[in-house]
J.: 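Would you mind keeping the following structure in view while I ask a few things?
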Amino acid sequence: VIMMIGANLGVKNYCQNEEEKKRLANLKEQSLKQELSYLRYQINPHFIMNTLNNIHALVDIDPDQAKDSIVDMSRMMRYLLYESDKHHVTLNNAIIFLKKYLNLMKLRYSDNVTVNLSLPDNASEDIVLAPLVFIPFVENAFKHGVALDKPSAINISIEKKDGRLLFHCHNTKSHAKHEYGGVGLNNVTKRLELIYGSDYSLDIDDAADTYDVNLNLPAMTADDFNKIDQRQSAEQ
């Protein structure tokens with residue numbers, strides 16, 4: 001009788017422990033999802049604020065261009081509304097969004113800055129990545145790299161190589177009195193850690209006159225993203 005009672009208590013405690021583990025794992029998963037959403041929603045207003053400042057600068061310089069920029073911004077807002085809330089976006093859509101953003105920025109700084117963009121020849125719809133990964137680094141380059149009193153340069157490249165997605169952003173420094181970083185840059189770093197774990201690298205070289213960002217991501221498909229979600233859930 002004592003053995004039967006002990007066995008029953010052991011089974012009961014085991015089941016309770018397993019249920020508790022599952023409950024804690026679900027809470028942790030929900031916490032990660034909420035943190036990702038919170039970081040993403042911080043990036044969106046940060047981006048919108050910067051874009052509106054650009055259009056405001058164009059109103060006095062070129063009203064017609066300002067009107068066209070508002071149309072472009074509405075399309076970008078549509079992307080932010082329907083795409084950036086997803087777990088991943090295609091590389092092609094990320095590149096299209098990046099081009100629109102650069103066009104808008106070049107309207108404001110056309111006489112002061114040279115922007116070079118190098119893209120892969122065969123960007124595939126199968127390759128996906130986290131939304132708005134590149135934009136904070138490009139925003140940072142314009143904010144800190146464009147000088148009003150001398151020529152400036154921003155060089156951006158995206159490359160697919162050996163199953164990896166390589167992003168590089170190089171800019172000259174304006175030497176204005178402000179610090180690098182900000183909400184967008186800090187948050188994208190946190191998002192990279194939450195989404196990619198240890199399967200990414202971010203190297204920043206803050207030199208005297210230049211600033212370089214090298215981001216190395218896995219060139220993943222949507223199925224790869226889903227597998228990561230399943231693995232992270234299992235580990236939790």
Side-chain angles (χ1 to χ4, degrees), residues 32 35-36 38-51 53-54 80 84 88-89 91 94-95 97-99 101-102 104-106 108-109 112-120 123 127-148 150-220 228:
L32 286 175
E35 186 173 357
L36 280 170
Y38 174 71
L39 294 174
R40 188 162 52 234
Y41 293 145
Q42 275 191 312
I43 288 176
N44 288 358
H46 184 263
F47 167 79
I48 293 168
M49 177 185 68
N50 288 343
T51 307
N53 286 337
N54 293 338
L80 290 172
S84 68
H88 52 74
V89 297
L91 176 59
I95 288 174
F97 185 83
L98 176 60
K99 286 180 176 179
Y101 178 77
L102 290 176
L104 188 61
M105 297 298 287
K106 284 189 289 186
R108 179 179 180 183
Y109 298 109
N112 304 324
V113 61
T114 299
V115 179
N116 298 309
L117 179 62
S118 175
L119 298 172
I127 302 300
V128 300
L129 67 158
L132 300 178
V133 167
F134 303 143
I135 292 299
F137 300 112
V138 179
E139 280 185 326
N140 198 62
F142 276 98
K143 180 179 179 181
H144 303 282
V146 176
L148 299 178
K150 62 180 180 180
S152 306
I154 297 175
N155 300 316
I156 302 166
S157 67
I158 300 173
E159 181 184 5
K160 292 192 299 179
K161 184 178 180 180
D162 299 330
R164 308 292 296 182
L165 195 59
L166 309 177
F167 170 82
H168 177 239
C169 184
H170 165 93
N171 63 271
T172 54
K173 282 187 176 180
S174 65
H175 295 292
K177 292 184 178 180
H178 43 220
E179 296 181 357
Y180 276 80
V183 174
L185 192 55
N186 291 335
N187 284 352
V188 76
T189 303
K190 294 179 182 178
R191 290 175 64 229
L192 287 169
E193 293 175 356
L194 288 172
I195 294 171
Y196 294 101
S198 60
D199 194 17
Y200 88 97
S201 65
L202 175 61
D203 297 316
I204 296 178
D205 182 15
D206 188 358
D209 298 313
T210 59
Y211 192 83
D212 284 272
V213 174
N214 287 285
L215 177 62
N216 186 317
L217 301 174
M220 299 195 302
I228 288 179

J.: Is the shortest side-chain heavy-atom distance between F134 and I158 below 4.5 Å?
T.: yes

J.: With a 4.5 Å limit on heavy-atom distance, are the side chains of F137 and I156 in contact?
T.: no

J.: Determine whether D209 and T172 make a side-chain contact, defined as any pair of heavy atoms from C-beta on separated by less than 4.5 Å.
T.: no

J.: Check the pair N140, V213 against side chain to side chain contact (heavy atoms under 4.5 Å, CB included), reporting the backbone distance first and the verdict last.
T.: CA-CA 10 Å; N140 198 62; V213 174; 5.8 Å; no

J.: Working to the nearest 0.5 angstrom, can you tell me the gap between C169 SG and N214 CG?
T.: 9.5 Å

J.: Look up atom CD1 in I195 and atom CE in M220, then write down how far apart they are to the nearest 0.5 Å.
T.: 8.5 Å

J.: Would you check if S152 and N171 make a side-chain contact, meaning some heavy-atom pair closer than 4.5 Å?
T.: no

J.: Examine distances only and state if a side-chain atom of K173 and a backbone atom of D206 form a donor-acceptor pair shorter than 3.5 Å.
T.: no

J.: Please find the pair of heavy atoms, one from T189 and one from Y200, that lie closest to each other, and give the distance.
T.: O-OH, 4.0 Å

J.: With heavy-atom distances below 4.5 Å as the criterion, would you say the side chains of R164 and L217 are in contact?
T.: no

J.: Would you call F97 and L132 a side-chain contact if the rule is heavy atoms closer than 4.5 Å?
T.: yes

J.: Mind checking the CD-CG spacing from E159 to L165? Nearest 0.5 Å is all I need.
T.: 9.5 Å

J.: Take L102 and I154, measure what side chain to side chain contact (heavy atoms under 4.5 Å, CB included) needs, and give me the verdict at the end.
T.: CA-CA 10 Å; L102 290 176; I154 297 175; 6.0 Å; no

J.: Does a side-chain heavy-atom distance below 4.5 Å link Y196 with L202?
T.: no

J.: Check the pair F142, V115 against side chain to side chain contact (heavy atoms under 4.5 Å, CB included), reporting the backbone distance first and the verdict last.
T.: CA-CA 10 Å; F142 276 98; V115 179; 3.9 Å; yes

